[in-house]
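Both ligands and their constituent atoms are indexed starting at 1 by order of listing.
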Amino acid sequence: MAKVLIATEKPFAAPAVAGIKEIIEGAGFECALLEKYTEKAQLLTAVADVDAIIIRSDKIDAEVMDAAKQLKIVVRAGAGYDNVDLDAATARKIVVMNTPGQNANAVAELVLGLLVFTVRNFYNGKSGSELLGKKLGILAFGNVGRNVARIAKGFGMEVSAYDAYCPADVIEAAGVKAAKNQEELFKTCDIVSLHIPATAETKQSINKALVGSMKKAAILINTARKEVINEPELIELLAERTDLKYITDIKPDADEEFQKFEGRYFSTPKKMGAQTAEANTNAGLAAANQIVGFIKDGITKFQVNK
Ligand code: 3PG
């Protein structure tokens, strides 16, 4: 009997776990659960006899794969898979998948929620401003970026986007203005929302030159990955440009240094864009179904390490 492990340092909501178990056990497989683990050793022990693992931002590296002698598939219940060593997986013939789009609405709703919170001075009671008529720039027009555009239009914002991998006509077809490049996006928008993955190309790419080109009183919001930010340069810039704000749901490595920009910096205590019962259920159930489809029928749709 195949064994599937749900390994989540940051647990799914309870209904999602129940739904995943139902799918896995309904397929005749065994389902094990490792939640809120604090040591890598716990993960190494838990993977010893499993065929499949469902994870979130949990790190799956070569050491974990070597400890999982029977491992055939890892499904990241979510979009970004920078937490899985794809080369190590491919070398060991382990299939890696994600569940694109399943948690996108949750992240997008958080973006607009954080923006209202920001323009209303973190709800301190002082007079703030509105999002209506403001220019919002979306960097990367994937599932999250598209949902942010949809909701922002409801707020009456003027929405632009740039995506190195998505043609301008696709962006325009979604009723969004296509920026020529990311430089133009940063220069022309009041707010820029990041939705790029963390790749060799994007890591540290959000730097002083780019953010420094933003308009007076601009806001940078990051619900993507902390790695895309050049933190020392952003800190330098925030010290020089006292009109800029940085808002994120991913605590930066230099959180303490950012904290000194009171009223212009906010981070949630834990990454929480996808932390809703609905997103957990959508992504978790998709992951479970993808595992069943792979083990029973060899279906490799959504494989990311081809
Ligand atoms: C994703 O890549 O899907 C999001 O960043 C959500 O990550 P999480 O599952 O750790 O909340």
message = Using side-chain heavy atoms (C-beta onward) and a distance below 4.5 Å, is Glu231 in contact with Glu257?
response = no
message = If you take the nearest heavy atom of each of Gln275, Arg225, Lys271, which one is closest to atom 7 (O) of ligand 1?
response = Lys271
request  = Could you tell me whether Asn103 approaches ligand 1 through its side chain, its backbone, both or neither, with non-hydrogen atoms closer than 4.0 Å?
outcome  = side chain
request  = With rounding to the nearest 0.5 Å, note down the distance linking CD1 in Ile6 to CG in Leu34.
outcome  = 10.5 Å
task = For atom 10 (O) of ligand 1, grab the closest protein heavy atom and report residue, atom and distance to one decimal in Å.
result = Ser57 OG, 2.4 Å
ask   = What residue and atom, counting heavy atoms only, is the protein's closest point to atom 3 (O) of ligand 1, and at what distance?
value = Ala79 N, 2.6 Å
ask   = Quick one: which ligand 1 atoms are inside 4.0 Å of a heavy atom on Gly78?
value = 3 (O)
query = Under 4.0 Å from any heavy atom of Ala274, which atoms of ligand 1 are there?
reply = 6 (C), 11 (O)
message = Check contact between Arg76 and ligand 1, using heavy atoms of the residue and a distance below 4.0 angstrom.
response = yes
Heavy-atom check, side chain of Lys40 versus side chain of Val64, under 4.5 Å = yes
note = The answer for which part of Lys10 has a heavy atom under 4.0 Å from ligand 1 is side chain
ask   = Looking at ligand 1, does any of its N/O atoms fall within less than 3.5 Å of an N/O of Gly80?
value = yes
message = Could you check whether Lys134 makes a cation-pi contact with Phe155, meaning its NZ or CZ is under 6.0 Å from the centre of the six-membered ring and within 45° of the ring axis?
response = no
Exercise: do Gln42 and Thr38 side chains pair donor with acceptor under 3.5 Å = yes
task = Apply the side-chain contact (heavy atoms from CB on, under 4.5 Å) test between Leu194 and each candidate in Val111, Ile221, Ile229, Thr223; give the one that qualifies.
result = Ile229
request  = Could you tell me the separation between the CD1 atom of Ile191 and the CG atom of Leu136, rounded to the nearest 0.5 Å?
outcome  = 6.0 Å
